[in-house]
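All remarks here apply to the structure that follows.
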Amino acid sequence: MKHIIFLLLLPLIFSCSRNDSNGGYEFLTDMVYPVPYEAYSANELMKDGKTMQLPPKNTIARGKMPFPYGVGLDEAKRAGRELKNPFPKTKESLARGGEVYKNYCLLCHGTQGKGDGPLIPKFPNPPSLTGKRLLKYSDGRLFHIITNGSGDMPSHGEQIYYKDRWFLVQYVNFLQETFRKK
Ligand code: HEC
């Protein structure tokens, strides 16, 4: 019995090494080394010898769209004048907007947009999305606020896809609808 235990433990002795930079004996190396090139490795297939390449000119990454507006009130107003929602409102787009709202905005702005989300008052009070002032905001202006942020509100251009931000604008409009009629 003792001999069997010794034999079973024998690999442990050989799997270690005094040399810190030696990884020891490798068993099943399938997932240790990646099949694709490492991002920062040299690459003889590329003209400049690098694996990582800049995106080709005049291309846009999937799900991204350039947004040539700066931060601040003037730029928000300019976006408000110049931008239109390129996506038609459908049942699906509105549902998607609601989903995005739930995940990214509700925390501060609350389920109905009243500015009473679970993070309030730990975070400075956001204005009511259905208040008189914000009812006047055009789609482009809302899109600008969501994309670049506004005052204390952080920007969401990096977290939320271009299309979803426009669906979100539709959802904010939807929250505002009943208050517009009053
Ligand atoms: C971390 C909390 C927080 C989150 C998340 C957040 N907001 Fe805000 N929002 C604020 C605060 C605070 C203000 C007021 C900012 C100020 O005026 O300084 C604000 C302002 C606004 C305004 C009005 C801006 C103006 O011109 O007065 C709109 C519209 C708005 N938010 C929409 C959204 C939408 C849509 C989302 C979801 C993507 C969102 N917010 C996510 C906190 C938040």
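Order of appearance sets the numbers: ligands from 1, and atoms from 1 within every ligand. Sequence positions, counted from 1, serve as the residue numbers for this chain.
- Other residues, nucleotides and ligands contribute over 12 non-hydrogen atoms within 6.0 Å of the CD atom of Q159.
- For the pair R165 and ligand 1, no heavy-atom separation below 4.0 Å is found.
- Considering backbone and side-chain N/O atoms, H156 never comes within less than 3.5 Å of an N/O atom of ligand 1.
- The protein non-hydrogen atom at the shortest distance from atom 18 (O) of ligand 1 is D152 N, 2.9 Å.
- Within the sub-2.8 Å shell of atom 8 (Fe) of ligand 1, the protein contributes these N/O/S atoms: H109 NE2, M153 SD.
- In this structure, R96 pairs ionically with D164, as a charged nitrogen and a carboxylate oxygen lie closer than 4.0 Å.
- Among G149, G151, P127, G97, the residue whose heavy atom lies nearest to atom 14 (C) of ligand 1 is P127.
- The cationic atom of R165 (NZ for Lys, CZ for Arg) does not lie both less than 6.0 Å from the six-membered ring centre of Y162 and within 45° of the ring axis.
- The protein heavy-atom contact nearest to atom 23 (C) of ligand 1 is L134 CD1, 3.7 Å.
- The shortest N or O to N or O distance between Y137 and ligand 1 is under 3.5 Å.
- Numbered from 1 in the order shown, with element, the atoms of ligand 1 that lie under 4.0 Å from a heavy atom of R133 read 25 (C), 26 (O), 27 (O).
- Atoms of ligand 1 found under 4.0 Å from any heavy atom of P124, numbered from 1 in the order shown, are 12 (C).
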Under 3.5 Å, which donor-acceptor pairs do the side chains of residues 52-59 form with other protein atoms, sequence neighbours left out?
{"from": "Q53", "atom 1": "NE2", "to": "D48", "atom 2": "OD1", "distance (Å)": "3.1"}
{"from": "Q53", "atom 1": "NE2", "to": "K50", "atom 2": "O", "distance (Å)": "2.8"}
{"from": "T59", "atom 1": "OG1", "to": "P56", "atom 2": "O", "distance (Å)": "2.5"}

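- Applying the ring-ring contact (aromatic ring centres under 6.0 Å, His included) definition to pairs two or more places apart or across chains, those involving residues 41-68 are F67-Y69, F67-F143, F67-H144.
- Atom numbering of ligand 1 starts at 1 in the shown order; those under 4.0 Å from a heavy atom of Y104 are 5 (C), 37 (C), 41 (C).
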List the atom pairs, donor and acceptor, that lie under 3.5 Å between side-chain atoms in residues 99-120 and the rest of the protein, sequence neighbours left out.
{"from": "Y101", "atom 1": "OH", "to": "G110", "atom 2": "O", "distance (Å)": "2.6"}
{"from": "N103", "atom 1": "ND2", "to": "E99", "atom 2": "O", "distance (Å)": "3.4"}
{"from": "K114", "atom 1": "NZ", "to": "T130", "atom 2": "OG1", "distance (Å)": "3.1"}

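- The contact set between ligand 1 and L168, taken as ligand atoms under 4.0 Å from a residue heavy atom, comprises 38 (C).
- The part of L142 lying near ligand 1 is the side chain, judged by heavy-atom distances below 4.0 Å.
- At under 3.5 Å, not a single nitrogen or oxygen of N125, backbone or side chain, sits near a nitrogen or oxygen of ligand 1.
- Checking side-chain atoms of E82 against main-chain N and O of G140 turns up no donor-acceptor pair under 3.5 Å.
- Inter-residue side-chain proximity for W166 and L83 is flagged as met; some heavy-atom pair is nearer than 4.5 Å.
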side-chain contact (heavy atoms from CB on, under 4.5 Å) between V169 and R141, intermediate numbers included: CA-CA 9 Å; V169 168; R141 187 157 176 187; over 6 Å; no

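- The pair R78-E75 meets the salt-bridge criterion, since a charged nitrogen lies less than 4.0 angstrom from a carboxylate oxygen.
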